[in-house]
Amino acid sequence: MSEASATDRAEICGAIAAFLDFCRIEKGLAASTLDAYSADLARFSEFWGSRPGFPSADDLRGHLDGLYQAGLSNRSVARHLTTLRNLCSYLLREGRIEADPTEHLRSPRQWQTIPKFLNSQEIERLIEAPDVSRPNGLRDRAMLELLYATGLRVSELCKLGFGDMNPDLGVLRTTGKGNKQRMVPVGVAAIKAVQDYVNRGRPGLLKSRASRYLFVTARGGCMTRQAFWKLLAGYGKKAGIFRGLTPHVLRHSFATHLLEGGADLRSVQVMLGHADISTTQIYTHVMRARLRSTVEEHHPRA
């Protein structure tokens with residue numbers, strides 16, 4: 001690589017590094033979001049190589065076309081474009097580029113998919129699946145109850161501190177995306193499950209060790225997202241639920257059942273920690289779909 005090429009390569013890599021530092025330090029984005037940005041921009045940097053300057057709109061369009069040709073879905077390509085928009089917005093604000101090349105790039109059309117969710121019978125079978133005669137079963141029951149009762153993200157659930165839930169007030173404090181804290185109400189069943197775990201399960205897992213986290217493993221460490229995903233899949237099979245069960249399905253179930261019970265969209269938005277209510281509005285599609293299927297199934301002239 002020539003000296004000029006090395007300089008050009010260092011320029012784009014330096015711009016990306018500065019942007020990621022900004023996202024981590026100034027914006028306080030979650031580690032999972034930073035990992036996604038980093039992966040997207042690594043692929044973009046590989047595409048751009050050692051060419052001088054910053055890509056034009058046509059160059060970026062070529063990059064996105066290459067992602068399509070590599071087999072990425074519309075949703076994945078749209079995420080890459082969002083990452084590039086955020087990068088360009090930062091560079092424009094910092095005076096590193098004179099114009100935003102993503103300004104007139106259109107996001108790929110995405111069909112709005114209705115989130116998967118469980119019905120109340122499936123929820124009951126899932127929550128009953130853990131063996132509560134064992135400390136880890138008490139923990140798992142508490143985590144399932146709390147996830148369904150609050151609609152937390154799995155990362156928020158795993159990072160809950162020991163003192164983050166106030167059973168007397170029936171609320172918990174969590175830190176979500178963008179390092180934003182919110183208070184979420186907790187139902188009686190979930191509070192009881194957590195208290196049972198704290199009194200009878202957690203001491204058996206910690207074995208006199210200390211931990212600042214509420215949910216711990218047999219080694220005394222914090223329960224991880226990956227470990228909980230694996231546990232959930234196992235309990236899903238035990239409960240006879242095989243269709244792509246993930247922690248987000250419980251989050252979707254929480255929101256859907258609240259709206260079915262008469263909750264207003266704004267309240268659900270606050271509890272889910274959505275920055276924009278348009279994100280929460282996907283659940284109105286769930287409601288319409290449920291109403292449509294109910295009419296088709298039960299109305300004599302449907």
Side-chain angles (χ1 to χ4, degrees), residues 1-2 4-116 153-155 176-178 225 244 246 248 251-252 272-283 285:
M1 183 183 292
S2 68
S5 296
T7 302
D8 294 330
R9 178 74 173 174
E11 182 180 358
I12 193 69
C13 289
I16 290 172
F19 168 67
L20 292 174
D21 285 342
F22 167 76
C23 290
R24 182 176 61 256
I25 299 169
E26 298 292 334
K27 298 188 72 175
L29 297 185
S32 56
T33 303
L34 290 170
D35 288 344
Y37 279 1
S38 182
D40 292 349
L41 293 174
R43 196 155 184 172
F44 162 65
S45 179
E46 182 181 347
F47 157 79
W48 190 240
S50 58
R51 284 177 278 182
F54 197 81
S56 66
D58 287 339
D59 293 325
L60 293 180
R61 195 172 289 111
H63 172 53
L64 298 177
D65 288 343
L67 296 177
Y68 277 120
Q69 292 167 12
L72 270 67
S73 66
N74 278 6
R75 184 180 296 275
S76 295
V77 174
R79 192 199 71 195
H80 278 263
L81 178 54
T82 298
T83 299
L84 290 171
R85 287 192 199 282
N86 290 332
L87 170 66
C88 290
S89 176
Y90 165 76
L91 295 177
L92 186 65
R93 192 164 56 249
E94 294 294 308
R96 294 194 180 206
I97 56 176
E98 296 181 356
D100 184 352
T102 68
E103 183 178 1
H104 300 297
L105 290 181
R106 294 181 60 185
S107 295
R109 183 178 180 182
Q110 299 180 56
W111 292 105
Q112 196 163 29
T113 55
I114 295 176
K116 296 178 182 178
R153 301 176 179 92
V154 63
S155 57
K177 291 185 176 181
R225 295 169 59 251
T246 69
H248 233 64
R251 181 169 159 88
H252 293 323
L272 290 174
H274 286 161
D276 192 327
I277 199 167
S278 64
T279 308
T280 320
Q281 285 173 336
I282 181 63
Y283 297 106
H285 294 274

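Counting from 1, the numbers follow the sequence of the chain as shown. All values below were derived from every heavy atom in this structure, side-chain atoms included, with hydrogens, water molecules and symmetry-related copies excluded.
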> Please walk me through it: do Cys88 and Ile97 pass side-chain contact (heavy atoms from CB on, under 4.5 Å)?
Replying inline: CA-CA 8 Å; Cys88 290; Ile97 56 176; 4.3 Å; yes
> Given Ile16 and Ser45, is the side-chain contact (heavy atoms from CB on, under 4.5 Å) satisfied, shown in steps?
Replying inline: CA-CA 9 Å; Ile16 290 172; Ser45 179; 4.0 Å; yes
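Expressed to the nearest 0.5 Å, how far CG of Leu67 lies from OG of Ser76 amounts to 9.0 Å. In this structure, NE2 in His104 is found 13.0 Å from CG in Leu60, a value given to the nearest 0.5 Å. Between atom NE2 of residue His80 and atom CG of residue Leu41 there is a gap of 9.0 Å, rounded to the nearest 0.5 Å. Residue Tyr90 holds its OH atom at 7.0 Å from CZ of Phe22, rounded to the nearest 0.5 Å. Note that the CZ atom of Arg79 and the CG atom of Leu72 stand 8.0 Å from one another [nearest 0.5 Å]. One distance of note links CG of Asp65 with CD of Gln69; it measures 6.5 Å at 0.5 Å rounding.
Residue pairs satisfying the salt bridge (charged side-chain N to carboxylate O under 4.0 Å, His left out) criterion with at least one member in residues 21-33, sequence neighbours excluded, are listed as follows: Asp21-Arg24.
Residues Arg153 and Gly273 share a closest heavy-atom pair of NH2-O, 3.4 Å. Between Asp59 and Ser56 the shortest heavy-atom distance is OD2-N, 2.9 Å. The shortest non-hydrogen separation linking Arg96 to Ala15 is NH1-CA, 3.3 Å. Taking all atoms of both residues into account, the shortest heavy-atom contact from Thr83 to Asp40 is OG1-OD2, 2.8 Å. A pairwise comparison of heavy atoms in Arg251 and Leu272 identifies NH2-O, 2.9 Å as the closest pair. Considering every non-hydrogen atom in both Gly49 and Ile12, the closest pair reads O-CG2, 4.4 Å.
Residues Asp58 and Arg61 are paired through a salt bridge, judged by an N-O separation under 4.0 Å between the basic side chain and the carboxylate.
Applying the ring pair (Phe, Tyr, Trp, His ring centres under 6.0 Å) criterion to His63, with sequence neighbours excluded, gives Phe44, Phe47.
The residue from Leu92, Leu87, Leu105 that alone fulfils the side-chain contact (heavy atoms from CB on, under 4.5 Å) condition with Asp100 is Leu92.
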